[in-house]
Amino acid sequence: MPSAIPSIARKAAFAVTASLALLATACTGQSNSGATDDASKDTTINFWHAWSAPNEVKAVKDLVAGFEKAHPNIHVNIVGNMTDDKINQALRSGGDQAPDVISSFTTNNVGKFCSSGALVDLNPFFKKSGIDPETTFPKPMNEYTQFDGNRCAVPLLGDAYGLYYNKTAFEKAGITAPPKTWSEFEADAKKLTIPQGDSYKQLGFMPDYHGWESTTEHYFGQFSPTYFDKAGKSNVAKDPAFEKGFTLQKRLVDELGGFQKLEKFRATLGDEWGARHPFHTGQVAMQLDGEWRLGMALDTKPKFDIGVAPLPVPDDQADQYGKGYITGTIAGIAATSHQQNAAWELVKYMTTNTDAVVGFANGIHNVPSTLAALKSPKLKYDPRFKTFLDIAANPDSTTTPASINGGVYLVTIQQFGYDYESGKVTDLKAGLKKTAAQIDTDIAQAK
């Protein structure tokens with residue numbers, strides 16, 4: 001079971017713009033699998049990754065050791081604890097010490113990685129190896145590893161988001177099962193809220209977009225929105241899923257006491273990664289979060305039973321209950337690498353070999369990133385963790401699409417969420433139109 005803060009989750013969800021400038025100048029020219037190195041000859045390649053916790057570093061070493069055993073002629077020099085900024089600088093400059101293979105926690109940068117040519121298109125490599133990504137990886141993971149037909153990345157473990165709930169608090173409130181629809185969720189959140197003066201003894205759910213993992217994209221994953229139309233224009237003002245998502249979240253904010261009261265309470269609570277996280281302490285009865293939260297919560301020895309379920313869905317999508325938002329780590333091959341065939345052998349092993357993926361998932365405590373690995377009997381996990389495996393395998397699960405300027409459009413939507421929930425913006429339709437126009441402007445300037 002998960003027992004440490006996963007590196008995927010540790011990344012700042014929107015700390016992507018600083019690295020975009022570097023990527024914009026990283027046009028190194030793609031090989032289109034025109035690599036000429038002989039992967040059967042003795043060679044050494046460099047693999048850069050961002051994991052840093054002891055158990056994570058060990059898991060990476062074990063993964064690479066398995067690869068080197070299967071490919072004794074290919075030696076891998078591992079460089080860990082690499083930030084995206086450092087990786088981007090190396091992708092731009094190249095050289096003998098630069099990475100041949102990289103892994104990144106920032107899926108939001110895939111559009112920039114692909115469009116800039118910093119990472120090579122892997123489609124020719126997959127075709128050459130006879131591997132069909134569409135039948136190998138879960139649908140959302142396929143989506144967030146490519147941009148405009150260029151598959152410059154491949155999934156390397158994932159995160160799935162679901163609902164954690166305090167089973168003891170549920171029993172006290174007379175709630176017999178986790179909510180499946182939004183109306184049930186809304187009713188449960190209110191029933192679980194216990195006022196105390198001008199604050200709360202227990203809050204059913206913290207709906208604010210500042211509330212740890214309750215970001216706009218994590219919420220909207222349950223509404224299955226289409227972020228861009230076929231012409232690449234923002235769909236935020238046209239797809240009713242966005243209006244519905246903002247409306248229901250704002251109503252929950254108002255029903256649970258209003259934005260100011262909720263924010264005042266939130267300011268008294270623990271942070272996302274510490275032992276005093278309000279779900280761990282019982283101050284908040286339900287929590288939107290990723291698979292890593294289970295182990296973190298159990299490590300604090302909470303005084304209640306923890307339940308895990310998929311997030312509820314809008315009432316008119318009740319038949320899709322079980323889906324969730326998916327993201328994860330990506331891997332890719334540097335366009336500057338002169339050993340791309342050897343690099344592909346490592347990428348292929350790490351991301352498509354079922355036993356390798358399962359072993360890495362067990363070591364890192366994240367969700368496996370292939371459909372076969374999700375069903376492997378070799379997976380080791382707390383029974384409650386299976387909820388996240390099922391969410392990852394669910395064909396209705398969603399993600400956020402790649403964009404040429406990375407996650408800038410998500411920052412824009414999130415900022416609008418802050419303004420709307422706080423009452424700064426009151427006209428939702430007009431606000432969505434303005435948000436869409438800003439997204440289109442930002443993308444046009446990035447081209």
Side-chain angles (χ1 to χ4, degrees), residues 1-13 49-63 80-81 105 157-172 178 192 201-206 210-215 218 265-266 268-311 324-329 358-368 378-392:
M1 73 183 72
S3 60
I5 301 172
S7 295
I8 294 174
R10 261 201 310 264
K11 76 178 193 298
H49 68 82
W51 285 287
S52 59
N55 71 301
E56 297 169 341
V57 172
K58 181 181 183 302
V60 173
K61 288 181 178 179
D62 290 345
L63 177 65
N81 198 22
F105 301 145
L157 300 191
D159 285 326
Y161 288 80
L163 179 71
Y164 290 88
Y165 61 99
N166 183 325
K167 296 180 77 172
T168 305
F170 267 50
E171 291 172 6
K172 289 181 179 179
L192 289 161
K201 180 178 181 182
Q202 175 181 279
L203 180 63
F205 178 74
M206 176 58 76
H210 282 288
W212 309 287
E213 293 292 335
S214 53
T215 62
H218 296 166
F265 179 61
R266 189 178 66 84
T268 69
L269 304 175
D271 65 28
E272 182 169 358
W273 305 119
R276 302 300 298 171
H277 185 293
F279 180 73
H280 301 173
T281 61
Q283 292 167 289
V284 173
M286 294 189 291
Q287 176 68 36
L288 187 172
D289 223 320
E291 77 285 341
W292 61 85
R293 179 59 54 191
L294 180 58
M296 292 180 67
L298 293 175
D299 283 349
T300 66
K301 295 180 172 52
K303 298 178 181 178
F304 58 89
D305 291 332
I306 296 174
V308 183
L311 280 168
Y325 179 83
I326 308 295
T327 186
T329 297
V358 169
F360 197 34
N362 286 337
I364 296 290
H365 306 307
N366 283 154
V367 172
K378 296 181 181 179
L379 279 175
K380 302 173 184 177
Y381 52 84
D382 183 294
R384 289 168 288 190
F385 192 73
K386 190 175 187 301
T387 295
F388 298 102
L389 303 179
D390 293 340
I391 291 171

Residue pair Phe265, Met206: steps toward the side chain to side chain contact (heavy atoms under 4.5 Å, CB included) verdict: CA-CA 10 Å; Phe265 179 61; Met206 176 58 76; 4.1 Å; yes
Test side chain to side chain contact (heavy atoms under 4.5 Å, CB included) applied to Met296 and Asp289, step by step: CA-CA 11 Å; Met296 292 180 67; Asp289 223 320; over 6 Å; no
Intermediate values then yes/no, side chain to side chain contact (heavy atoms under 4.5 Å, CB included), Phe385 and Leu379: CA-CA 11 Å; Phe385 192 73; Leu379 279 175; over 6 Å; no
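Thr387 and Ala309 make their closest contact through CG2-C, 3.7 Å (heavy atoms, listed as atom of the first residue, atom of the second, distance). When all heavy atoms of His218 and Leu311 are compared, the closest pair comes out as O-CD1, 4.3 Å. Scanning both residues, Gly204 and Val284, for their nearest heavy atoms gives O-CG1, 4.3 Å. The two residues Ile326 and Ala392 come nearest to each other via the heavy atoms CD1-CA, 3.7 Å. Of all the heavy atoms in Pro302 and Ala297, the pair that sits closest is CD-O, 3.1 Å. Residues Ala169 and Gln202 share a closest heavy-atom pair of CB-OE1, 3.8 Å.
In this structure the side chain of Phe360 never reaches within 4.5 angstrom of the side chain of Asn366, judged on heavy atoms. Side-chain atoms of Arg293 and Glu213, non-hydrogen and from C-beta on, never get closer than 4.5 Å to each other. A heavy-atom distance below 4.5 Å is found between the side chains of Tyr164 and Ile306. Contact check for Tyr165 versus Leu192: no side-chain heavy atoms found under the 4.5 Å cut-off. The side-chain heavy atoms of Leu389 and Val367, taken from C-beta on, include a pair separated by under 4.5 Å. Counting heavy atoms from C-beta on, the side chains of Val308 and Asp382 never come closer than 4.5 Å.
Atom CG of Asp159 and atom CD1 of Ile391 lie 11.5 Å apart (nearest 0.5 Å). Between the CG atom of Asn166 and the CD atom of Glu171 there is a distance of 9.0 Å, given to the nearest 0.5 Å. Atom CG of Leu298 and atom NE2 of His280 lie 8.5 Å apart (nearest 0.5 Å). The structure places OG1 of Thr215 at 7.0 Å from OH of Tyr325, a figure rounded to the nearest 0.5 Å.
Judged by distance alone, the side chain of Asn362 and the main-chain N or O of Lys378 form a donor-acceptor pair under 3.5 Å. Looking at Thr168, its side chain does come within 3.5 Å of a backbone N or O of Asp305 through a donor-acceptor pair. For Glu291 (side chain) and Ala160 (main-chain N/O), a donor-acceptor pair under 3.5 Å exists by modelled atom type.
Classification of the Trp212-His277 ring pair by plane angle, with boundaries at 30° and 60°, yields tilted. Ring-plane geometry between Trp273 and Trp292 is classed as tilted, the angle between the planes lying from 30 to 60 degrees on a 0 to 90 degree scale.
The side chain to side chain donor-acceptor pair (under 3.5 Å) search around His49 returns none, not counting sequence neighbours.
Residues Phe279 and Phe304 place their aromatic rings such that the two centres sit under 6.0 Å apart.
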